[in-house]
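Single-structure report; data block below.
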Amino acid sequence: MGNAVKLIAWLVLPIAGLVALGALAIWLFQALMGVLVYLLVGIAVAAGGAYLYQKAKRAVGPGTRTRMRLDAAAETYRQRNH
């Protein structure tokens, strides 16, 4: 009877260990992928914000049609209020 218990222990314990190790590896992989997804979304949002900022900055830069219209409107406003 003692040998049967040892045989079962030697067969079952390594399998149980592998199952536990596999479950831990899957959990760790999912956690790392989750962090990676959050990191990629953060990078995309930051890059999109920088792109929009540069595009808006370029649109109202000196010499652009929008800048000239804004300056003309400001000048008209100043003339009306004086």
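Heavy atoms only: backbone and side chains are in, while hydrogens, waters and symmetry mates are out.
- The same ILVMFWY cluster, assembled from side-chain heavy atoms under 4.5 Å apart, contains both Phe29 and Leu36.
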Report the C-alpha separation of Leu7 and Asn3 in whole Å, then their side-chain angles, then the decisive distance to 0.1 Å, and conclude whether the side chain to side chain contact (heavy atoms under 4.5 Å, CB included) test is met.
CA-CA 6 Å; Leu7 179 63; Asn3 286 339; over 6 Å; no
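- Linking Ile, Leu, Val, Met, Phe, Trp and Tyr whenever their side-chain heavy atoms come within less than 4.5 Å puts Met33 and Leu40 in one cluster.
- Clustering ILVMFWY residues whenever any of their side-chain heavy atoms sit less than 4.5 angstrom apart, transitively, puts Val41 in a cluster other than the one holding Tyr51.
- Under the side chain to side chain donor-acceptor pair (under 3.5 Å) criterion, Arg65 pairs with no residue, sequence neighbours left out.
- A chain of hydrophobic side-chain contacts below 4.5 Å, direct or via other Ile, Leu, Val, Met, Phe, Trp or Tyr residues, connects Leu32 to Leu24.
- Contacts of Gln54 classified as side chain to side chain donor-acceptor pair (under 3.5 Å), with partners at least two apart in sequence or in another chain: none.
- Val60 approaches Arg67 most closely through the heavy-atom pair O-NE, 3.1 Å.
- In this structure, CD1 on Ile26 lies 11.0 Å from CG on Leu28, to the nearest 0.5 angstrom.
- Looking at every heavy atom in both residues, Ala9 comes nearest to Pro14 through O-CD, 3.8 Å.
- Separating the CG atom in Leu13 from the CG atom in Leu18 is a distance of 11.0 Å, to the nearest 0.5 Å.
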